[in-house]
Amino acid sequence: MLVAQTEEGLISLAQRFSLEQLKLWKKEKQFYCPSCQSPVQLKVGTKKIPHFAHLKKTCVAQHEGETDYHLDGKRKLFHWFSSHVEVELESYLPDIMQRPDLLVNTPSQKYAIEFQCASLSSSVLTKRSIHYEKGNYMPLWIMGAKRMKRLSTYMYQLSFQEWQFLTLSDYTPTLLYFSPSTNQLLKLEHLIPFSSQICYAQLVVLSPHEHTFHDLFSTHTQPQFSLHG
């Protein structure tokens, strides 16, 4: 968790603070979860980026544990998208009792974005997506790039879970992945299933310096598959 409530207001660790500042806050401030209002602790160590953690796992909006990979990924996605559109980090939606990693507001659409690194059952994914849609948010699932299994130029191996995260770009089936280590978003476009686990697709690499949030929804390639790819 990167956002916590204090008596002075919200603190977001998406901003860069010195190690000395964080250690001072840890001694002097009380932190609370913006969703459930229960106490959280500021963790400042060497193994994970600074973050907040519940003292007890009873938060209504906390679903899975967060790895450093996940924390770093949503922080970098926040910085990328917020340079082009209005973005909120870990904003709690009380009507549906969910806290997406990012909320993006554009003039035409609101998006609830999940940077999904952990495994997720079909029932949980469906439930969350339905709740977002009821709140007038379009759910957008971005997977950790560690999941991507490239077999050849145009051939990829997909798990059952990955098929669940399909979205559309210009009415074309698309899968989205993000790599915190390279700060790149990977798009698989023009997916054509060859079997339940193998598909053909075109890979597009998006970066913060060259692309905006809206490029996630544009098709960047034309289908050009070869059985000998």
Side-chain angles (χ1 to χ4, degrees), residues 1-3 33-36 38 40 48 51-78 88-104 109-151 155-169 172-180 185-189 191-201 216-217:
M1 198 165 85
L2 296 175
V3 178
C33 173
S35 304
C36 66
S38 61
V40 295
K48 296 178 70 172
H51 64 284
F52 299 103
H54 284 80
L55 300 177
K56 297 181 180 180
K57 297 182 179 181
T58 57
C59 182
V60 293
Q62 189 74 22
H63 301 294
E64 304 101 14
E66 292 188 281
T67 63
D68 195 55
Y69 186 84
H70 180 256
L71 291 166
D72 191 32
K74 67 178 174 181
R75 182 178 65 178
K76 287 179 176 175
L77 286 169
F78 170 78
E88 299 174 37
L89 178 65
E90 298 179 351
S91 185
Y92 181 57
L93 304 174
D95 291 345
I96 59 176
M97 298 176 66
Q98 291 189 194
R99 183 179 61 212
D101 291 322
L102 303 173
L103 285 180
V104 173
Q109 180 68 57
K110 298 186 296 183
Y111 299 89
I113 299 177
E114 296 276 11
F115 179 48
Q116 194 63 38
C117 301
S119 296
L120 197 66
S121 68
S122 318
S123 58
V124 172
L125 184 146
T126 301
K127 180 180 178 181
R128 288 194 202 173
S129 295
I130 290 174
H131 284 175
Y132 286 139
E133 290 168 355
K134 286 183 177 178
N136 294 318
Y137 288 93
M138 178 181 290
L140 186 64
W141 299 86
I142 301 176
M143 292 175 282
K146 290 180 179 181
R147 285 178 174 265
M148 181 181 287
K149 293 184 179 180
R150 191 175 192 177
L151 304 179
M155 188 180 294
Y156 295 83
Q157 180 177 335
L158 300 181
S159 66
F160 172 74
Q161 285 228 329
E162 286 172 278
W163 284 114
Q164 299 179 101
F165 297 124
L166 276 175
T167 186
L168 294 177
S169 293
T172 300
T174 300
L175 285 174
L176 301 172
Y177 302 80
F178 181 70
S179 170
L185 197 144
L186 312 176
K187 285 188 68 182
L188 291 184
E189 299 182 340
L191 277 76
I192 300 177
F194 185 69
S195 71
S196 61
Q197 292 187 319
I198 306 298
C199 78
Y200 292 104
L216 272 65
F217 306 97

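Count residues from 1 along the sequence.
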Least distance between heavy atoms, [X] atom then [Y] atom:
X: Gly144; Y: Tyr69; answer: C-OH, 3.7 Å
X: Lys110; Y: Gly135; answer: NZ-O, 4.1 Å
X: Tyr177; Y: Arg147; answer: CE2-CB, 4.1 Å
X: Tyr137; Y: Pro139; answer: O-CD, 3.3 Å
X: Pro100; Y: Ser91; answer: CD-O, 3.5 Å
X: Met155; Y: Ile198; answer: CG-CG2, 3.5 Å

Rounded distance (nearest 0.5 Å) linking atom [atom1] of [X] with atom [atom2] of [Y]:
X: Ser121; Y: Gln164; atom1: OG; atom2: CD; answer: 8.0 Å
X: Met138; Y: Tyr111; atom1: CE; atom2: OH; answer: 5.0 Å
X: Cys117; Y: Lys146; atom1: SG; atom2: NZ; answer: 8.0 Å
X: Asp95; Y: Asn136; atom1: CG; atom2: CG; answer: 10.5 Å
X: Gln197; Y: Leu151; atom1: CD; atom2: CG; answer: 10.0 Å
X: Lys187; Y: Thr167; atom1: NZ; atom2: OG1; answer: 8.5 Å

What I'd like to find out is whether the side chain of [X] reaches to under 4.5 Å of the side chain of [Y], using heavy atoms alone.
X: Phe165; Y: Leu158; answer: no
X: Leu89; Y: Leu102; answer: yes
X: Thr174; Y: Leu166; answer: no
X: Leu216; Y: Leu140; answer: yes

(request) Just do the side-chain contact (heavy atoms from CB on, under 4.5 Å) check on Leu191 and Trp163 with the steps written out, would you? (result) CA-CA 10 Å; Leu191 277 76; Trp163 284 114; 4.1 Å; yes
(request) With Leu176 as reference, evaluate Ile142, Leu186, Ile113 under the side-chain contact (heavy atoms from CB on, under 4.5 Å) test and give the passing residue. (result)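 Between Leu176 and the candidates, side-chain contact (heavy atoms from CB on, under 4.5 Å) is satisfied uniquely by Ile142.
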Looking at [Y], is its backbone amide N or carbonyl O close enough to the side chain of [X] to form a donor-acceptor pair, meaning the two atoms are under 3.5 Å apart?
X: Gln116; Y: Ala118; answer: yes
X: Lys76; Y: Pro180; answer: yes
X: Gln161; Y: Ser119; answer: no

(message) Run the side chain to side chain donor-acceptor pair (under 3.5 Å) test on Tyr156 and Glu162 for me, step by step, so that the C-alpha distance in whole Å, both residues' side-chain angles and the decisive distance to 0.1 Å come before the verdict.
(response) CA-CA 11 Å; Tyr156 295 83; Glu162 286 172 278; over 6 Å; no
(request) Could you walk me through whether Ser129 and Trp141 pass side chain to side chain donor-acceptor pair (under 3.5 Å), step by step? (result) CA-CA 9 Å; Ser129 295; Trp141 299 86; 3.2 Å; yes
(message) Pair Ser122, Phe160 - check side-chain contact (heavy atoms from CB on, under 4.5 Å), show working.
(response) CA-CA 9 Å; Ser122 318; Phe160 172 74; 3.4 Å; yes
(request) Determine the interplanar angle of the His70 and Phe115 rings, folded into 0 to 90°, and report it as parallel if under 30°, tilted if 30 to 60°, perpendicular if over 60°. (result)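 It falls in the parallel class, under 30°.
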(message) Test side-chain contact (heavy atoms from CB on, under 4.5 Å) on Met148 and Leu188; report intermediate values, then the result.
(response) CA-CA 10 Å; Met148 181 181 287; Leu188 291 184; 4.0 Å; yes
(request) Have a look at Gln98 and tell me which of Lys127, Arg128, His131, Glu114 forms a side chain to side chain donor-acceptor pair (under 3.5 Å) with it. (result)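 Exactly one candidate clears the test, His131.
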(message) Salt bridge or not between Lys48 and Glu66? Use side-chain N to carboxylate O under 4.0 Å.
(response)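 No, no charged N to carboxylate O under 4.0 Å.
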